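Heads up: the structure comes next, in structure tokens.
Predicted model only: the values in this text are computed from it and were never measured. We count ligands from 1, going down the list as the structure has it; atoms in each ligand are counted the same way.
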Amino acid sequence: MRQFGVALLSACAFCAASHNSYPADCESPEGFAQVLRNSLSSAAAIYLPGSEEFEEVTTRWSEFSTPTVNLAVVPATENDVVETVRRANVCGLPILAFNGVHGSSTTLAQDGKTATIGGGTSSKTVTDTLWASGKQTVTGTCECVSYLGPALGGGHGWLQGHHGLVADQFVSLNIIFADGTLKTIDSSSDLWWAMKGAGHNFGIVTSVTAKVYDIEHRDWAIETLTFSGDKVEAVYEAANRYLSNLPAEITNWSWWLNEADVDPDRPIILFFIIQEGATIVDPAYVNPFRDIGPISSETKSGSYRDLATWTLIAVDSAPCQIAGRANTRFPVYVREYNVTAQREAYDIFAANVGGANSPFSGSTFLFEGYPQGGVQGIDSDSTAFAYRSDSLLIAVRLGYEPTGKELDDQAAQLGNQLRDIIHRGSGYKDLHVYVNYAYGNEKPEGWYGYERWRQARLKELKHKYDPQGHFNFYAPIE
Ligand SMILES: Cc1cc2nc3c(=O)[nH]c(=O)nc-3n(C[C@H](O)[C@H](O)[C@H](O)COP(=O)(O)OP(=O)(O)OC[C@H]3O[C@@H](n4cnc5c(N)ncnc54)[C@H](O)[C@@H]3O)c2cc1C
Ligand SMILES: *[C@@H]1O[C@H](CO)[C@@H](O)[C@H](O)[C@H]1NC(C)=O
Ligand SMILES: *[C@@H]1O[C@H](CO)[C@@H](O)[C@H](O)[C@H]1NC(C)=O
């Protein structure tokens, strides 16, 4: 089970310490662990490489380009995080916050308008806890991902059409900065802008107070249509024609993936149309797709809490498993589908990924058309998230058993090629990237926007709040 924690890392963090004038405790992970043990609460855990617990907390969703961790701390209190960061500073050790399920709590404020969410809480815990009180808020869609991980980079979710991104719900944040100080910040802080989109770069967030809302619609419905690959043009023409600029109640998503029972050789198109406040999806949206001739079409209805299972991203669904596989994603935001580019991408995807024999046969091409109303209703300049006007998030995810550099390079080549096709078809000169899906070869401009003022503002804040670059492992600003 993953937990919220702090990892101290870099390939030779501790040997660097031994060359310098750091205290003797800094020279080895064991010495450092001993010092930490004396200063943390009794419920905090410290794990060194070689132990089973260490493996468990540091195993990542993607076994590609993983950081080298020397010591992992699972804090029990906010002060444990403060102490860990302070002591790491004394030794000059770099820090990575990690998250992704488990620990911490969600508590609803008395007025029912905000909730305080612990730094390690999962999206599912937030949704379930609020639901039990008749409330909801914007979270990521995937049950196994933390609440805060997506939020710090913006955060896309089912309810964004009403209220904006996950980060748009922040009311205040408790942050432990690089110097070990704990502060509560809100909209009066100069850092507020940056925490909504580039938040991973400034500290460790131990809790968030976020806006919550009364549940508006308990009913949700989905239509899942399965098409064969020869229908690419028809499906995406219909999506552009019948599903763009719809009200907040509709979401369209599609995936290309192998489904051997349906087509043993080529990926299928799984097309989801989701409607809020309905027990069946309005035929006006579904019929144009039924007319194309799907292999199958399935109607389901239930509540908001069924969405993750329906769209195959629940805790027990395949994408949520941590199974030692490499998972690399190549994201790009676009305005609408370019049918020519969709066909070109499909053919190359099918040729390289289709069938059971490809090393990449477990891959998925994702097309996420979340409702945009709430996101676009917020001034684009008011947050570090730079891409409010893009309506579709497209990403190929290449999943494979890692065997070495050759296969990694092959994946990188294929992923970049597929992304380039979609990007070229978008009509945008610049590559717009969702930071939370980033492969890593994109530039800070791609993650945080190409406007000069955005880059300058981020750098200025970075120099003020993390001058030594302790929080530089995840999509660093420079
Ligand atoms: C299966 C799957 C489904 C996804 N679904 C969605 C989705 O629906 N919507 C969406 O927007 N994104 C989604 N994502 C992308 C997601 O936003 C990122 O993968 C995110 O980084 C996951 O956060 P985590 O905390 O679970 O992972 P981690 O690897 O633990 O965290 C990622 C990084 O976030 C930072 N971080 C995490 N917690 C803190 C904290 N408390 N304080 C400071 N920094 C912190 C750290 O830099 C850390 O390296 C999905 C990803 C996966 C793998
Ligand atoms: C659905 O797909 C279309 C396809 O072009 C897109 O423009 C739209 O914004 C998507 N989402 C919604 C909620 O309509
Ligand atoms: C769609 O993509 C093709 C191929 O990249 C390109 O030639 C065309 O200009 C694109 N169409 C639009 C409307 O951008």
Side-chain angles (χ1 to χ4, degrees), residues 2-7 9 57-62 66-67 75 81 85 95-104 117-123 138-158 160 165-167 173-177 195 197-208 236 240 253 307-308 311-315 317-322 327-329 331 334-345 364 366 368 370 385 393 395 397 399 420-428 434-438 470-476:
R2 296 294 306 281
Q3 290 177 302
F4 177 59
V6 183
L9 67 159
V57 299
T58 59
T59 304
R60 301 184 69 81
W61 177 70
S62 176
T66 52
V81 185
V85 172
I95 301 160
L96 176 72
F98 60 89
N99 213 324
V101 185
H102 217 67
S104 298
I117 299 163
T121 313
S122 75
S123 293
V138 190
T139 68
T141 56
C142 186
E143 286 186 345
C144 53
V145 170
S146 75
Y147 170 78
L148 261 167
L152 295 173
H156 291 292
W158 307 120
Q160 69 170 47
L165 300 167
V166 183
L173 298 167
N174 277 13
I175 307 180
I176 289 158
F177 289 100
M195 292 309 292
H200 322 83
N201 289 285
F202 298 97
I204 299 176
V205 180
T206 51
S207 71
V208 187
Y236 292 98
N240 281 341
W253 256 32
L307 286 168
T311 52
L312 313 175
I313 46 174
V315 273
S317 308
C320 273
Q321 309 316 310
I322 294 174
N327 278 301
T328 57
R329 276 170 304 193
V334 303
R335 276 171 293 207
E336 59 171 7
Y337 294 113
N338 177 324
V339 172
T340 316
Q342 294 290 107
R343 165 54 66 196
E344 209 185 313
T364 318
L366 311 159
E368 305 183 349
Y370 292 105
F385 180 83
L393 172 56
R397 178 190 63 82
D420 283 348
I421 293 169
I422 304 290
H423 176 210
R424 247 184 287 121
S426 72
Y428 285 141
Y434 181 34
V435 64
N436 281 327
Y437 281 11
H470 286 296
F471 299 102
N472 266 357
F473 285 92
Y474 188 89

Legend entry - N/O separation below 3.5 Å, Leu148 to ligand 1: no
Inset, instruction - State whether the shortest distance between N or O atoms of Tyr437 and N or O atoms of ligand 1 falls below 3.5 angstrom. - result: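 Looking only at distances, the answer is no, because the N/O contact criterion of under 3.5 Å is not met.
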Inset, instruction - Just jot down the ligand 3 atoms closer than 4.0 angstrom to any heavy atom of Asn338, in number order. - result: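 It comes down to these atoms of ligand 3: 1 (C), 2 (O), 3 (C), 8 (C), 10 (C), 11 (N), 12 (C), 14 (O).
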Inset, instruction - Check whether any side-chain heavy atom of Val205 lies under 4.5 Å from a side-chain heavy atom of Leu152, and answer yes or no. - result: yes
Legend entry - Min side-chain heavy-atom separation Leu307-Thr141 under 4.5 Å: no
Give the atom numbers and elements of ligand 1 that come within less than 4.0 Å of a heavy atom of [X].
X: Cys142; result: 1 (C), 2 (C), 3 (C), 4 (C), 5 (N), 8 (O)
X: Ile204; result: 42 (N), 43 (C)
X: His200; result: 34 (O), 35 (C), 47 (O)
X: Gly119; result: 41 (N)

Legend entry - Shortest non-hydrogen separation from Val435 to Tyr474 and the atoms involved: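 Shortest heavy-atom contact: O-OH, 4.2 Å.
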Inset, instruction - Indicate whether atom 14 (O) of ligand 3 is within a distance of less than 4.0 angstrom of some protein heavy atom. - result: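 True for atom 14 (O) of ligand 3.
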Legend entry - Aromatic ring pairing Trp253/Trp158, orientation class (parallel under 30°, perpendicular over 60°, tilted between): tilted
